[in-house]
Amino acid sequence: MAIAVSHGGANVYASNKQSDELLVGTRNGVALLKRSGSQWEVEHRALQGLHVSAIAPDSDGGAVIAGAFFNATYVSSDGGRTWQRREDGLDHHDVFSVAVKKLASGSLRMYAGTEPAYLFQSDDLGEHWTVVSSMRDVKSVVDWWFPGPPHLAHTKFIRLSPTEPDVIYTCIEQGALLRSEDLGVSWVEVNTLGTFEDA
């Protein structure tokens with residue numbers, strides 16, 4: 001499976017074995033690079049014309065989700081070669097971040113973070129999205145904003161704990177770092193602008 005690199009993606013990339021494929025989110029779609037000896041070559045391009053903000057692959061090498069600024073989410077089941085637009089229930093279409101979580105049941109849950117700052121989840125590979133409204137129940141939500149026009153905060157990053165199966169973090173730019181210990185049912189503010197608490 002390819003490692004996925006993107007603006008709103010993970011900060012650290014790790015794999016159990018060497019990857020010979022690399023998916024890169026760019027201002028002009030997704031580029032699929034393949035290793036050829038000691039060199040990397042662009043094998044395929046997709047979603048051209050879209051500014052791809054984030055890419056997240058299923059760790060088992062199944063589905064890949066991509067989010068695009070001012071657009072929607074897209075899902076690929078063939079390693080990033082072809083993509084299907086998935087937006088049913090996605091009330092906001094400026095997608096900043098995405099994540100994929102393998103649940104205890106073995107099924108996949110996909111997350112998408114948007115501007116304005118909302119979190120959506122899907123349990124059917126993006127066919128239908130529902131808002132995780134509890135993320136906006138925290139006290140600091142009234143202070144979330146972004147300095148540049150249109151001054152809307154956004155869900156910049158979504159991170160899943162590698163050691164705690166039900167823990168999710170979301171980073172709101174600008175406003176707060178939030179932690180859920182129950183897969184998004186409830187949230188606490190780890191920190192807000194000027195306020196810090198124990199995680």
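Hydrophobic clustering of Ile, Leu, Val, Met, Phe, Trp and Tyr side chains at less than 4.5 Å, counting indirect connections, keeps L152 apart from F96. V185 is not connected to M135 by any chain of hydrophobic side-chain contacts under 4.5 Å among Ile, Leu, Val, Met, Phe, Trp and Tyr, and they are in different clusters.
Residues L119 and Y111 have side chains in contact (heavy-atom distance under 4.5 Å, counting atoms from C-beta outward). L178 places none of its side-chain heavy atoms less than 4.5 Å from the side chain of V188. Counting only heavy atoms from C-beta outward, the side chains of K102 and D58 approach each other to under 4.5 Å. Side-chain contact check for V52 versus T26: every heavy-atom pair is 4.5 Å or farther apart. Two residues are said to be in side-chain contact when any heavy atoms from C-beta on lie closer than 4.5 Å; V64 and Y74 fail this criterion. Side chains of L125 and R86 form a contact here, defined as non-hydrogen atoms less than 4.5 Å apart. No side-chain heavy atom of E164 sits less than 4.5 Å from a side-chain heavy atom of E181. Using a 4.5 Å cut-off on side-chain heavy atoms (C-beta onward), V100 and I65 make contact.
Across G113 and I158, no two heavy atoms sit closer than the pair N-CD1, 3.6 Å. Nearest approach of L108 to A63, heavy atoms of both residues: CD1-CB, 4.4 Å. The two atoms that bring L160 and A99 nearest to each other are CD1-CB, 4.2 Å, heavy atoms only. Heavy atoms only, all atoms of each residue included: V98 and A66 are closest at CG1-C, 4.3 Å.
With sequence neighbours left out, the side-chain contact (heavy atoms from CB on, under 4.5 Å) criterion links P162 to no other residue. In this structure A117 satisfies the side-chain contact (heavy atoms from CB on, under 4.5 Å) test together with R136, W144, A153, T155, I172, sequence neighbours excluded. Legend: residues meeting side-chain contact (heavy atoms from CB on, under 4.5 Å) with S105, ordered by chain and number and at least two apart, are L103, S107. Residues meeting the side-chain contact (heavy atoms from CB on, under 4.5 Å) test with D166, sequence neighbours left out: L183. For R81, the salt bridge (Lys or Arg N to Asp or Glu O under 4.0 Å) criterion is met by E21, E43, not counting sequence neighbours. Residues satisfying the salt bridge (Lys or Arg N to Asp or Glu O under 4.0 Å) test with E41, not counting sequence neighbours, are none. Evaluation of the side-chain hydrogen bond (donor to acceptor under 3.5 Å, both in side chains) rule for H44 yields no partner, not counting sequence neighbours. The side-chain hydrogen bond (donor to acceptor under 3.5 Å, both in side chains) search around R35 returns D20, not counting sequence neighbours. With sequence neighbours excluded, the residues forming a side-chain hydrogen bond (donor to acceptor under 3.5 Å, both in side chains) with S76 are D78, listed by chain and number.
Atom CG of L50 sits about 12.0 Å away from atom CZ of F69, to the nearest 0.5 Å. The distance from atom CG of L177 to atom CD of E173, rounded to the nearest 0.5 Å, is 12.5 Å. The structure places CZ of R45 at 10.5 Å from CG of L32, a figure rounded to the nearest 0.5 Å.
Listed by first and then second residue, the salt bridge (charged side-chain N to carboxylate O under 4.0 Å, His left out) pairs that reach into residues 137-153 come to none, sequence neighbours excluded. Residue pairs satisfying the ring pair (Phe, Tyr, Trp, His ring centres under 6.0 Å) criterion with at least one member in residues 113-137, sequence neighbours excluded, are listed as follows: H92-Y118. The salt bridge (charged side-chain N to carboxylate O under 4.0 Å, His left out) contacts involving residues 109-122 comprise R109-D123, where partners must be two or more places apart or lie in separate chains.
One N or O on the side chain of S53 and one on the backbone of V95 form a donor-acceptor pair closer than 3.5 Å. Side chain of S186 to backbone of S134: no donor-acceptor contact under 3.5 angstrom is found. Put simply, the side chain of K34 never gets that close to the backbone of L22: no donor and acceptor are under 3.5 Å apart.
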Open item on the list: Quick one, Q121 with T130, criterion side-chain contact (heavy atoms from CB on, under 4.5 Å). Give me CA distance, side-chain angles, the key distance, then yes/no.
Closed with: CA-CA 6 Å; Q121 70 180 38; T130 57; 3.6 Å; yes
Open item on the list: Set out, in order, the CA-CA distance, both residues' side-chain angles and the distance that settles side-chain hydrogen bond (donor to acceptor under 3.5 Å, both in side chains) for N71 and R85, then state yes or no.
Closed with: CA-CA 10 Å; N71 200 276; R85 184 180 174 109; 2.8 Å; yes
- [ ] Starting from the C-alpha separation in whole Å, work towards a yes-or-no answer on side-chain contact (heavy atoms from CB on, under 4.5 Å) for V75 and M110.
- [x] CA-CA 10 Å; V75 174; M110 293 182 167; 4.0 Å; yes
Task: Worked check of side-chain contact (heavy atoms from CB on, under 4.5 Å) between E127 and D88 - done: CA-CA 6 Å; E127 292 283 358; D88 184 24; over 6 Å; no
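By the 30° and 60° cut-offs, the orientation of the rings of F146 relative to H154 is tilted.
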